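Numbers for residues simply follow the sequence, beginning at 1. Remember, it's 1-based here, ligands and their atoms both numbered in the order they're listed. Worth saying up front: this structure is predicted, and the values here are computed from it rather than measured.
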Amino acid sequence: MRIAIAASEAAPFVKTGGLGDVLQALPQALSEIRGNQISVFLPYYGSVKYDGKWQMEFLGSFDIPLAWRREYVGIFRLKSRKKKLQIYFIDNEHYFNRSGVYGFGDDGERFAFFSKAVLASIHYLALEPEVISCHDWQTALIPLLMKTEYAACFPRTRSVFTIHNIEYQGKCNLQFNYDVLGLPAKCDEILRFDDCTNFMKAAIVTADRVSTVSTTYAQELRYAYYAHGLDGVLLSRGSAFTGITNGIDLHVFDPETCSALAQTYTVQTLRAGKAANKLALQKRLGLPEAPDVPMLAMVTRLAGHKGIDLLCYIAERLVQRELQLVIIGTGEEKYEWYLSSLNERFPDRVSVNLLFDPKLANLVYAAADLYLMPSQSEPCGLSQLIAMRFGGVPVVHATGGLKDTVPAYQEAEQTGRGFTFQSYNADDFLAAIDRALELYSGKPEKWLRLAQNNMRLDSGWKIPAQKYMELFSLASKGN
Ligand code: GLC
């Protein structure tokens, strides 16, 4: 199948979160399926264009209309030997040569431009994909554009829209169509939600299929509690809205080869490997060097919905226990402030690092025994999968992808992968941590077996990629 994929970020070129990881691994996995030809489209951010690391070839340029203006589109392609996986970059210095990826006043216009430019480029290059797969609000106008301005270019191409984060919907004022998009006025109602132009709403109603990144989250999004207003719109799509649980790139996250580790390890050498990495991390962070003390870790954005409020609520009680807590991440000021003060008061138990450093993060995954993920909601979550791959045991709120990927440990049958709590409640979170600590200290053999089982879990993209193929073929058959 010929598949075009459009997104605002993909590792290793540009990544601000899990979206970037998925857009690295999913296209790769799809390209490994026989008969597939994958074309990925990304903005040509200044950070990619001028970092000198990537070899690109220029394929052509033209203008596209944006309401009453015309804007320049340049197409570049990564020079690569992977014939079945081509990465294209949309060049426009005004929109994409800035310091940073998102957060500008004209983000709506930037990504409306990008969405049009992707379609115009696919047509220009005569790629004739059967399906265009778009991700999150930044590319959410593509399905509507395919049915309107670009309908003549794509008579047989179908669209699939995937929701990674429903909190960001791409909201602009009601004049957006008139000022920027320039679609016929009959599209105003499709674009409108409440008193805004809402990109994601337009995608949900116009895409041939809609998906999200775990099966549980696809159910949850049918309820107001999770859907940030869009539950009714999603419900209206019935069975055309489904979930496929993400994987992780097993080569990128591999304790046998990861260069960020003090010592690499396998399932068989997990105990020694974890101890060595724990020691190295303790040295680096200035924590007491103690291989047996349970290490609890979080690598996360410090945002409310990640459950940081629950952590803060129990933190003082938690650190009364014999343990070390390592936190890596940046985010809301109130959490940064509180966690830093916790670090100052309990320097022997707590290490808070307000930064984003993927190498340090990998060492933390390798060192940690318990990985905490109390998210209020979680579309999928990748860190729990990475933690398990490195032989960690997650403690999670049973929601979204966390529920799908971390079934509760049952000591009698020795099944399950971690410790869970059902309602979003700090004391329940603490109780789940305590159950984990009890097993860790009281039954180290069982703990080791659990951690080894987690390492063996196949959380790669092979199976999810097959499911995306089923979804794409349903979309392309139009049912
Ligand atoms: C978003 C979600 C996260 C998911 C990721 C990749 O970042 O918040 O849960 O794993 O997208 O799909």
Side-chain angles (χ1 to χ4, degrees), residues 5-12 14-30 40 42 101-103 133-140 160-170 200 203 210-221 225-228 230 241-250 252-253 298-308 329-332 356 358 361 365 371-389 394 396-406 424 459-461 463-465 467-468 471:
I5 300 174
S8 57
E9 57 180 271
V14 53
K15 168 181 149 177
T16 70
L19 177 67
D21 289 308
V22 170
L23 269 296
Q24 174 177 33
L26 173 63
Q28 174 63 40
L30 289 170
V40 178
L42 298 167
V101 178
Y102 315 122
S133 152
C134 19
H135 299 262
D136 269 355
W137 75 266
Q138 295 90 343
T139 52
V160 174
F161 177 64
T162 300
I163 301 169
H164 297 257
N165 190 342
I166 203 162
E167 262 183 71
Y168 303 102
Q169 299 176 1
M200 206 179 251
V210 180
S211 78
T212 188
V213 290
S214 70
T215 40
T216 295
Y217 196 60
Q219 293 311 315
E220 290 173 345
L221 281 184
Y225 180 81
Y226 294 96
H228 292 263
L230 293 178
F241 170 49
T242 51
I244 298 174
T245 305
N246 286 332
I248 52 170
D249 188 321
L250 298 178
V252 172
F253 301 106
M298 290 176 91
V299 178
T300 179
R301 257 180 306 130
L302 300 175
H305 72 266
K306 291 288 181 189
I308 311 299
T330 58
E332 292 171 30
F356 176 66
Y365 286 118
Y371 189 81
L372 310 182
M373 217 156 155
S375 312
Q376 184 172 14
S377 65
E378 193 62 74
C380 179
L382 303 173
S383 324
Q384 80 280 14
L385 297 175
I386 302 169
M388 288 193 278
R389 173 97 172 126
V396 305
H397 177 213
T399 186
L402 297 173
K403 189 169 169 181
D404 294 337
T405 57
V406 188
Y424 189 66
S459 52
W461 270 99
I463 297 165
K467 292 188 177 159
Y468 271 94
L471 177 67

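- Between the side chains of H135 and S133, a donor-acceptor pair is found at a separation under 3.5 Å.
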Distances for all N or O pairs of ligand 1 and the protein under 3.5 Å?
unit_1, atom_1, unit_2, atom_2, d
ligand 1, 9 (O), E378, OE2, 2.6
ligand 1, 9 (O), C380, N, 3.0
ligand 1, 9 (O), G381, N, 2.9
ligand 1, 10 (O), G381, N, 2.8
ligand 1, 12 (O), H164, ND1, 2.7
ligand 1, 12 (O), N246, ND2, 2.8

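- In this structure, the ring-ring contact (aromatic ring centres under 6.0 Å, His included) partners of Y365, at least two apart in sequence or on a different chain, are Y371.
- Defined by atom type and a distance below 3.5 Å, a donor-acceptor pair is present between the side-chain atoms of Q376 and Y225.
- When side chains are defined from C-beta on, L19 counts as touching S8, because their heavy atoms get closer than 4.5 Å.
- Looking at S211 and T242, their side chains never bring a donor and an acceptor atom within 3.5 Å of each other.
- Residues E378 and S214 form no side-chain contact, since every pair of their non-hydrogen atoms from C-beta on lies 4.5 Å or further apart.
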